[in-house]
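I have placed the structure first, in the form of structure tokens, so that the comments after it can refer back to it.
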Amino acid sequence: MIISSAKPFEEVIELLKDKDDIFVVGCNACAAKLHVGGEPEVLEMCKRLEDEGKNIVGWVIPSAACSVASFDSLVEKNTAINDAKTILVMACGSGVSIISGIVDVPVYPSNNTESLGGRSQGEVIPELCAMCGDCKIYYFGGICPKGQCPKRLLNGPCGGAVEGKCEVDPEKDCAWELIFNKMEKKGRLDLLEKVWTVEELSE
Amino acid sequence: MSLTFKDKLKSKDFLITSEISPPKGTDLKEVIEDAEHIRELVDALNVTDNQRAVMRMSPLAVSRTLLDAGHEVIMQLTCRDRNRLALQSDLLGAYAMGIRNICVMTGDHTTKGDHPKTKPVYDLDSVQLLSIIKKIKKGYDLAGNRIDNPPDFLVGAVSNIDQSKSAQMMKLRKKAKTGIDFIQTQAVYDIGKFEVFMESISDIEVPVIAGVIPLKSAKMARFMNRNIPGINVPDDIIDTMENTEKPLDEGMSVCAQTITELKKLCRGTHMMPIGKHNNIPKILEMADIRKKDQC
Ligand code: SF4
Ligand code: SF4
């Protein structure tokens, strides 16, 4: 899923400073799962904006903001969008882009889009994949160094890890530590010994 | 003509390299002074490349300045700040400016430096860059285009010295496979551990130049143990530093003892004096190597 987080409300208010007649578009896919664009968050946003004196003309939660087919398909869900002078999208950047492409009024984002990640056992896991267009994750035991190592190192670790934690973020495990341990357990260290030259990567 | 670093690497000599940091500014006076302190005592000067991701003058400019002053240099090159175009073009530029030795590394992440929001590049990793250099030396750029008058660099790489870090050891082997000419290591304090490291790579026929950093205090040792990956100052050295009245002298003496031990184990030492180049002659004298008057 696309990992996004809510902008601070003050920033949203600042974006909408001179704007009114706001229609809020949520997203029932990633943003809803991450609690930054589902129904409870959309309703909460509408209320807070109203408390700030804004007129909310309506809201809608498409199944996925990034795949809304047309303006009419939004009208079908809530005709109030016809009265909107401003649209606030509570979804990732793709969602905001698609909505911006099908409406004529200014569109604002309420979220910051961060990475392609996931959620497992109740925990949000960011940066699982860097969308490189040339998937090699198998060679690394399902832990992608392009996504999870801040230096995107394919040939081995950087030497900057301290006690297994990443040089860049001491809260995070070094991706290479995880990769190596996993492949060692699997008895597949041979896969890691491969030298990845630039020539054979299509990046 | 005196021997080059390349010639000396082929000899049986115990080599001494040291580190020079480019200035934060445009005045090269200090760089020249630092180098002057150790003229004829060291075989080459490593010129660092925005070390620890702190912005400083280009190592290319500083390397050329030192060459002009009659020193031999090893220009460091990180993968952090340049994409594959810039790396290749700087390599050609460096060779044209007279630089014959380079040392390649991934580079500390930008978040560690003084411009933490910098977009890090890491278009290539150190292994990839080393294989590209090999190709360039043969007369082709990465894309396979011909290069006129290809550079004939002596190429080095860096390594930590903890043999138990298997992933790092695996990477070191990949670097060695690219045909590097020398390895410079992180600072050694625990000779026993370093010996284990050297044994574990005894099949790699690349000269190893072991790093040393003279300690200034017990506090510095503890700080490095906590914060600098790959550095491990053993407790007995920390105790010695703690119990002495003259920590600077003691630090130099510890360093000299380490160098004396290193002479038996590897091909040279890389001295990282952290701004105290004037202490190097004394340390080398204590380690009983290359007193200036013998040169
Ligand atoms: S290799 Fe990594 S970044 Fe590329 S597609 Fe696969 S998981 Fe994503
Ligand atoms: S510490 Fe590990 S995860 Fe972090 S940059 Fe280095 S190799 Fe990558």
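Lettering follows sequence order; numbering is per chain, from 1. Worth saying up front: this structure is predicted, and the values here are computed from it rather than measured.
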(request) Might you point out which heavy atoms bring A/Gly159 and B/Gln168 nearest each other, and give the distance in Å? (result) CA-NE2, 3.3 Å

(message) Check this for me: A/Asp190, atom CG, are more than 12 non-hydrogen atoms of other residues, nucleotides or ligands nearer than 6.0 Å?
(response) yes

(message) Please classify the contact of B/Leu172 with chain A as side chain, backbone, both or neither, using a heavy-atom distance under 4.5 Å.
(response) neither

(message) Taking every non-hydrogen pair under 4.5 Å, which of A/Asp169, A/Leu192, A/Val162, A/Asn181 racks up the most with chain B?
(response) A/Leu192

(request) State whether the side chain of A/Lys151 and the backbone N or O of B/Tyr122 hold a donor-acceptor pair below 3.5 Å, judged by distance alone. (result) no

(request) May I ask you to check whether over 12 heavy atoms, not counting those of A/Lys7, lie within 6.0 Å of atom NZ? (result) yes

(request) With a 4.5 Å cut-off on heavy-atom pairs, point out which of A/Ala161, A/Pro170, A/Pro157 contacts chain B the most. (result) A/Pro157

(request) Could you tell me which portion of B/Lys135 (side chain, backbone, both or neither) has an atom closer than 4.5 angstrom to a non-hydrogen atom of chain A? (result) side chain

(message) How about NZ on A/Lys85, more than 12 heavy atoms from neighbouring residues, nucleotides or ligands closer than 6.0 Å, or not?
(response) no

(message) Counting only heavy atoms not in A/Glu200 (residues, nucleotides, ligands), do more than 12 fall under 6.0 Å from its CD?
(response) yes

(message) Heavy-atom pairs under 4.5 Å with chain A: which of B/Asp108, B/Val158, B/Thr106 has the most?
(response) B/Asp108

(request) Over all heavy atoms of both residues, which pair between A/Glu167 and B/His109 is shortest? Give the atoms and the distance, please. (result) OE2-N, 2.6 Å

(message) More than 12 heavy atoms of other residues, nucleotides or ligands under 6.0 Å from NZ of A/Lys194: yes or no?
(response) yes

(message) Counting only heavy atoms not in A/Arg119 (residues, nucleotides, ligands), do more than 12 fall under 6.0 Å from its CZ?
(response) yes

(message) So for atom OH, which belongs to A/Tyr108, do other residues, nucleotides or ligands contribute more than 12 heavy atoms lying within a distance under 6.0 Å?
(response) yes

(request) May I ask you to test the B/Gln128-A/Leu201 pair for a side-chain heavy-atom distance under 4.5 Å? (result) yes

(message) Under 4.5 Å from any heavy atom of chain A, what part of B/Asp123 do you find: side chain, backbone, both or neither?
(response) neither

(request) Answer whether the closest heavy-atom distance between the side chains of B/Lys171 and A/Trp176 falls below 4.5 Å. (result) no

(request) Check whether B/Ser166 gets within reach of chain A through its side chain, its backbone, both or neither, counting any heavy atom under 4.5 Å. (result) both

(message) Between B/Arg226 and chain A, with a heavy-atom cut-off of 4.5 Å, which part of the residue counts as in contact: side chain, backbone, both or neither?
(response) backbone

(message) Quick check on B/Leu124 against chain A: is it the side chain, the backbone, both or neither that has a heavy atom closer than 4.5 Å?
(response) side chain

(request) Taking B/Asp125 for its side chain and A/Leu153 for its backbone only, find out whether a donor-acceptor pair lies under 3.5 Å. (result) no

(message) So which atom in B/Lys177 and which in A/Val195 form the shortest heavy-atom distance, rounded to 0.1 Å?
(response) NZ-CG2, 4.3 Å

(request) Please report the closest heavy-atom contact between A/Leu154 and B/Lys174, naming both atoms and the distance. (result) O-NZ, 4.2 Å

